[in-house]
Amino acid sequence: MQTFEESGINPLIIKAIKELGFEKPTPIQELTIPYLLDIKKDLVALAQTGTGKTAAFGLPILNQINTESGKTQVLILSPTRELCVQISNDIKNYSKYLNNIRIATLYGGAGIDKQIRELDSGCQITVGTPGRVLDLINRKKLKLQNIQYVVLDEADEMLDMGFKDDLDAILAATPEEKQSLLFSATMPPDIAKIAEKYMKNADEITVGEKNISAENVKHHFYLTKARDRFSALQRIIDAHPAIYGIIFCRTRRDTAEIADKLIENGYNAEALHGDLSQAQRDYVMNRFRIKHMQLLVATDVAARGLDVENLTHVIHYNIPEDPKIYIHRSGRTGRAGKKGTSITLLHSKEMFRLRDIEKQIGKKLNRKMIPEGKEICERQLFHLIDKVEKIEVDKDLIEPYMDVIYKKLSWLSREELVNHFVSVEFNRFLSYYKNAPDLNISENERERDSGDKNKKPKQRKANEEFSRFFINIGSKKKLSPTKLMGIINEQTRTRDIQIGRIDIMDSFSFFEVDTQYENEILSAFVDYKYKGMNVSVEISKEKKNDTSKPFKKKNFSKTKPDKRHKKR
Ligand code: ADP
Ligand code: MG
């Protein structure tokens, strides 16, 4: 079907959609419209967001409704009130020139009485959120015995929002003889289960690649100097104690080298590259699959076709030159509806590559700050506490030692005991990360290093381009320059704002930002809370004499930390 006219849809409907600017069917419509006009089987239809799925089911359903009867023939379920209203309006628009079509929109948070009156007056089509629909079914106001179509729209979102039980109950209450249609952008396992449970050997129509750059993958990048790359990697790993991931490197040599360094530093890692024999590769892969190993360091070629479940992270040790490689690599996490994170390590000269990748995946990569030692210690500590809480205790096994242990520790109170035990772990990381330098590239350094040769590095004319802000938190509240930069980036939701000098005082601080973003900064901090405290940000009246020097951190020595302790 190339045109709407060919499809056999009522000319009055076509007239209406032409007025909406629908010239020709979208790819998913091209496939579902003739299918639904002809075939009475259940259908799963998968297509990306924004591809016209509402009309893909709305038009053929409208075409087949019995307008002589006021009985409810169609039930469309959708995750949010906004989507319900949108679908309902869309269908009203498509049916503008048809007589006697009535649509009820049923969602929570609005008066139920009006919705009941609407239903009582007889509506052929109902559009609703699962919660409210179930409520109305239970009140016997929404009658399902004449239902011919049930549509689960944005089914993946519905499950994400925790509507599974409601959906189960609603679907179980609908009559046997009906056509069920499931529309979704992705096909996570839960959707497949619903399809299996409530649909009778449904056909599947898919447009485009399923789960392309899966919605559930987060894309982050960290800016650091080339020589700090490995330390940055180490910190990122340390900040994610439960990491289970692949680190991609460009060459075999890099791969072997990074893996060796990681192993040497006590990480549970191994290399996978073309220099290994097939048997060695199988061995490594197997250990990784059964999670006897946390980190696989691999080249693209060696990892091709690798399908490992439940990876939490994919790390690009170097940003790939070809965006397609980025997509391939990132696609190894966030599979089958699971969540995952794709992390890229970058130095400023590589920033331009980011844009190509962002264009390809249609998403922004968010800058994250390389965590400071303190933050890592905290994360490790809480990971440990969590483990302690959940560990299975084999009483018989430890029994023989307990007497001696109790005696030895008897002089400690319960509180002291916990303090001691926490310190064992905390001190270990704390001493490792004591005096650890900040590995992030500041905005000033970024400007200087920027690889864009055509762009003259912006010269700072003292005070002219920067506005100085006062913020009522300081080092007493554990604010550091890095943290502040992170907060500014996060609150403004952009990383394009140039940040200048930062002065952290005990209980307040100053920071400078490109003057053109003055208003954005002020509005970004309205209602912002830091550690439960109301934060106020104001333009500072105080002018610093010397603002021409880029910000330098003073408190961190540049000495290399001692060799880390072996991880258990
Ligand atoms: P999805 O449900 O797949 O996310 P929608 O059904 O909400 O997508 O449609 C997205 C947008 O595309 C809407 O604004 C809709 O009006 C428009 N649209 C749908 N079908 C067509 C078409 N055949 N031609 C032009 N625009 C269309
Ligand atoms: Mg939709």
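Atoms within each ligand, like the ligands themselves, are counted from 1 in listed order.
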I would like to know whether K368 and E375 meet salt bridge (charged side-chain N to carboxylate O under 4.0 Å, His left out); could you show each step before the answer?
CA-CA 13 Å; K368 295 280 159 182; E375 187 186 336; over 6 Å; no
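At under 3.5 Å, not a single nitrogen or oxygen of E23, backbone or side chain, sits near a nitrogen or oxygen of ligand 1. Of the N or O atoms in A55, none lie within a sub-3.5 Å distance of an N or O in ligand 1. No N or O atom of D90 sits closer than 3.5 Å to an N or O atom of ligand 1.
Between F525 and F511, the ring planes are tilted. Angles from 30° to 60° get that label.
Judged as a salt bridge (Lys or Arg N to Asp or Glu O under 4.0 Å), and not counting sequence neighbours, E6 has no contacts.
Every atom of ligand 1 is numbered from 1 in the order shown, and the set under 4.0 Å from a heavy atom of T26 is 20 (N), 21 (C), 22 (C), 23 (N). Close approach of ligand 1 to T54 (heavy-atom distance below 4.0 Å) involves ligand atoms 2 (O), 5 (P), 6 (O), 7 (O). Those atoms of ligand 1 with a heavy atom of F4 less than 4.0 angstrom away are 23 (N). Near Q86, the atoms of ligand 1 lying under 4.0 angstrom from a non-hydrogen atom of the residue are 7 (O). Heavy-atom proximity to K24, at under 4.0 Å, picks out these atoms of ligand 1: 22 (C), 23 (N), 24 (N).
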Mind listing the side-chain donor-acceptor pairs of residues 106-121 below 3.5 Å, one per line with the distance, residues two or more places apart or on another chain?
unit_1, atom_1, unit_2, atom_2, d
Q115, OE1, R132, NH1, 2.9
Q115, NE2, Y107, O, 3.1
S121, OG, E118, O, 2.7

Using atom types as modelled, flag every donor-acceptor pair under 3.5 Å from a side chain in residues 161-172 to any protein atom, sequence neighbours excluded.
unit_1, atom_1, unit_2, atom_2, d
K164, NZ, D168, OD2, 3.3
D168, OD1, Y198, OH, 3.4

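Annotation: the span from F248 atom CZ to I319 atom CD1 amounts to 14.5 Å, rounded to 0.5 Å. A distance of 10.5 Å separates CG in L134 from OG1 in T129, rounded to the nearest 0.5 Å.
Residue nearest to atom 3 (O) of ligand 1, selected from K53, E30, K18: K53 (by heavy-atom distance).
Inside a sphere of radius 2.8 Å centred on the Mg ion (ligand 2), the protein N/O/S atoms present are E154 OE2.
For the pair K53 and F183, the NZ or CZ position fails the cation-pi test of under 6.0 Å to the six-membered ring centre and within 45 degrees of the ring normal.
A donor-acceptor contact closer than 3.5 angstrom is absent between the side chains of H313 and T333.
Of the possible donor and acceptor atoms, one in the side chain of Q73 sits under 3.5 Å from a partner among the backbone N and O of N66.
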